Structures are given as C-alpha cells and as structure tokens.
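These notes concern the structure reproduced below.
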2 protein chains.
Amino acid sequence: MFEIVAEPNRRAILNLLVLSQRSVGEIERHLHLPQPAVSKHLRVLRTAGFVEATVDGQRRLYRLKPEPFQQMDAWLEPFRRFWSAHLDALELHLDRMDESPLPTAKPARRIKGGVV
Amino acid sequence: MFEIVAEPNRRAILNLLVLSQRSVGEIERHLHLPQPAVSKHLRVLRTAGFVEATVDGQRRLYRLKPEPFQQMDAWLEPFRRFWSAHLDALELHLDRMDESPLPTAKPARRIKGGVV
DNA sequence: AAGATATATGCCTTGACGGGCATATACCCA
DNA sequence: TGGGTATATGCCCGTCAAGGCATATATCTT
C-alpha cells in the first residue's frame, strides 16, 4: 500500500484527483508527464484500489477511492497515540513556561486543535 | 518519506518500537532477521528521522521520533476530508435504511466516533 | 471509411534497493 | 591484554520498478 504512494508522480496524481475527477489527458497536461507514464501510474493506482475509472466516450475519467487512504490512516493510529503523548509533554512544558514567563515577547502559542 | 515505510521489515521495526525502545539485538530476536539487515534498516530509519538512538554500553537503544509520522498524517489530511464525505454519504444511506427497515436482524450499526 | 484523438500496452534499459556474507569497530569482562 | 559480545559497514548479486519509445486499440468526426 505504501509502495504505491512512495512514487512522487503517483502522489501528484492523487493530489490532483482529490480535487475532482480527471481524464488521463488532463492529468498529463497538469503534471507535464508523457502520456504512457500517466497511464501506467494510473494502472498501478487502479490495481491497488486507489482510483477507479469510468468510460466517457474515448476518455476515461479517474477518481479516488477512499479505502486505501483509510487503511493508511488505520496504520498510523498506534503512532498517533505515541506522538500525541509527545505533544502533551510539549504542551505541559509550554504551560510551565507560561506560569513563570521570561521577560521576552509572548506570541500566541495555542495552535488550533485538530487530529494532531 | 513513504519509501521508508514501504519496506515491510522496516514497518515491523517501527511497530516494535512504538511499544518501547529496543536494542538492535532485541529487534533482531523479535523479527528473526539477520543482524546486519536490522542495522541497515535502522540506519535508513535514522537517516530519515523515524528513529534515534542512544548509546548504552555496547548497545544502542533505538526509539521512535514523532515528526515523520506527523508529516504522513498531514499528507493524509486532504484525503481524509475526501473520504469522510464518502462516509457521510454512507451514513445517510444507512439512516435511510433505518427509516424503512427490511425484515432482517438489525445489529448495532453506529460505530464510536473518532478521527474518521 | 479515413484520419484524428484518447488511452493502453509491450519491450528494453537503467538505476535503486534489499539480502547474504564477511569483516570492521567498539565495548565489556576476566 | 585477550576473548567474547554488540553493532556497523562494505561488497556482490539478484530483483524489481520506472522511464522512454514505439505501437496497439478504441472512439470520434467528417
């Protein structure tokens, strides 16, 4: 699964497709890649379940499929626990600095919450 | 970054280290890999910033570093938006089925919320 | 049907990477 | 100091995947 996204051009294709579905020619023009390269990468992506295509005349419209991304997210989960512990430690440290502030400028520190 | 975790043995090493720090020999025994292989993979992981090591006598204790995992998580973010839209659609579909249930068993469907 | 466009596929070459093995380096202990 | 243990590194080889190019296939237009 990770071998698939390890290839930079394939990541570029995925980043394109996350915006909207595209034909092979559109991808080709956006990424300045030779057409056979695009088709080959798309085949890899299709075989791995990252994308699917529908026929539209002589074109093929490619779009993302969610499952592999969810699997990658699931794989990250244990590590997410690990690094959020690190972030908690960092926050605690910063909080302590807040309690005994140094005579320096104190810019906004709290970052908007999120998955992190 | 993804090329690093694309290698199965390296993923195994990371999965080990997420539990606790380990020496090379411990990793070697857990994964049944020849020692040079372990050292080589650890070097790749160290160079890429996935792990760091401290010296403990003749041993090196390796542990995870959070940054690359956070970067992978950040890369996933746009796709997370995409697939959660898909999940919303699925939920809506299931909700509609709830409104006009078929005469079949109806197991618990709602999954506990999370990052997804 | 003919030519043009869109996409896919096959072949070849090259480079990167992992495995295996020997060996180097560093540290410990007696 | 010598021998044993822990880890790293260098070398060779096989494999595999991506790039480049030609070409096949399908569809559109006139």
Side-chain angles (χ1 to χ4, degrees), chain A residues 1-65 68-69 71-72 75, chain B residues 1-65 68-69 71-72 75:
Chain A
M1 176 175 45
F2 290 96
E3 322 92 285
I4 308 295
V5 295
E7 215 290 322
N9 290 320
R10 283 198 288 264
R11 283 203 301 279
I13 292 178
L14 294 175
N15 284 325
L16 254 184
L17 293 183
V18 78
L19 301 175
S20 71
Q21 62 175 10
R22 303 263 184 201
S23 71
V24 178
E26 289 174 325
I27 299 174
E28 178 188 353
R29 284 185 288 277
H30 275 273
L31 303 186
H32 306 292
L33 286 177
Q35 176 267 320
V38 176
S39 284
K40 285 177 186 176
H41 284 307
L42 283 172
R43 181 157 65 140
V44 174
L45 290 169
R46 183 166 12 100
T47 302
F50 280 79
V51 304
E52 62 185 358
T54 52
V55 179
D56 169 51
Q58 42 185 346
R59 317 193 166 189
R60 310 291 155 97
L61 296 181
Y62 282 84
R63 81 192 60 78
L64 292 189
K65 293 187 68 179
F69 297 97
Q71 289 176 238
M72 292 181 60
W75 183 84
Chain B
M1 178 175 46
F2 290 97
E3 319 91 351
I4 309 296
V5 293
E7 216 288 321
N9 290 321
R10 284 198 288 264
R11 284 204 301 281
I13 292 177
L14 294 176
N15 283 326
L16 252 185
L17 292 184
V18 78
L19 301 175
S20 71
Q21 62 175 8
R22 304 261 184 203
S23 71
V24 179
E26 290 172 326
I27 299 175
E28 178 188 352
R29 284 184 287 276
H30 275 274
L31 303 186
H32 306 293
L33 286 179
Q35 177 268 320
V38 176
S39 283
K40 285 177 185 174
H41 285 306
L42 283 172
R43 180 156 68 139
V44 174
L45 290 169
R46 183 165 12 101
T47 302
F50 279 80
V51 303
E52 61 185 358
T54 52
V55 178
D56 169 51
Q58 42 186 348
R59 317 191 164 191
R60 310 291 154 97
L61 296 181
Y62 283 85
R63 81 191 60 78
L64 293 190
K65 293 187 67 179
F69 296 98
Q71 289 176 237
M72 293 181 60
W75 183 85

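First the proteins, then the strands, lettered A, B, ... as listed; each starts at 1. None of the values given here were measured: they were computed from a predicted structure. Hydrogens, waters and symmetry mates play no part in the numbers below; they use all other heavy atoms, side chains included.
Atom pair A:E7:CD and C:dG15:C1' shows a separation of 14 Å (rounding to whole Å applied). One can place CG of B:L42 at 10 Å from P of D:dT7, the figure rounded to the nearest angstrom. Atom CG in A:L61 sits roughly 19 Å away from atom P in D:dA26 (whole-Å rounding). Counting to the nearest Å, the P atom of C:dA6 and the CZ atom of A:R43 are 21 Å from each other. For B:R46 and D:dA8, the CZ to P distance is 6 Å, given to the nearest whole Å. Atom pair B:N9:CG and C:dG19:P shows a separation of 5 Å (rounding to whole Å applied).
Note on A:R10: a side-chain N or O is less than 4.0 Å away from OP1 or OP2 of D:dA18. Between A:Y62 and C:dA6 there is no side-chain N or O to OP1 or OP2 distance below 4.0 Å. Put simply, B:R60 has no side-chain N or O that comes within less than 4.0 Å of OP1 or OP2 on D:dA6. At the phosphate of C:dC17, neither OP1 nor OP2 sits under 4.0 Å from any side-chain N or O atom of B:H41. At the phosphate of D:dT27, neither OP1 nor OP2 sits under 4.0 Å from any side-chain N or O atom of A:R59.
Here the side chain of B:E26 pairs a donor or acceptor atom with the backbone of B:S23 at under 3.5 angstrom.
At the heavy-atom level, B:P34 lies under 4.0 Å from the strands shown only through sugar-phosphate atoms. Residue contacts for B:E3: at a heavy-atom cut-off of 4.0 Å it reaches no nucleic acid atom on any strand shown.
With distances taken from any side-chain atom of B:Q58 to the nucleotides C:dG19, C:dC27, D:dA8, the minimum falls on C:dC27. Closest approach to the A:P36 side chain among C:dT7, C:dC21, C:dT9 is made by C:dT9 (side chain taken as heavy atoms from C-beta onward).
Among A:N9, A:N15, A:L17, the one residue that satisfies the side chain to side chain contact (heavy atoms under 4.5 Å, CB included) test with A:I13 is A:L17. Shown are A:R22, A:R46, A:Q21; of these, the side-chain hydrogen bond (donor to acceptor under 3.5 Å, both in side chains) with A:Y62 is made only by A:R46.
For the residue pair A:S39 and A:R60, no side-chain donor N or O sits within less than 3.5 Å of a side-chain acceptor on the partner.
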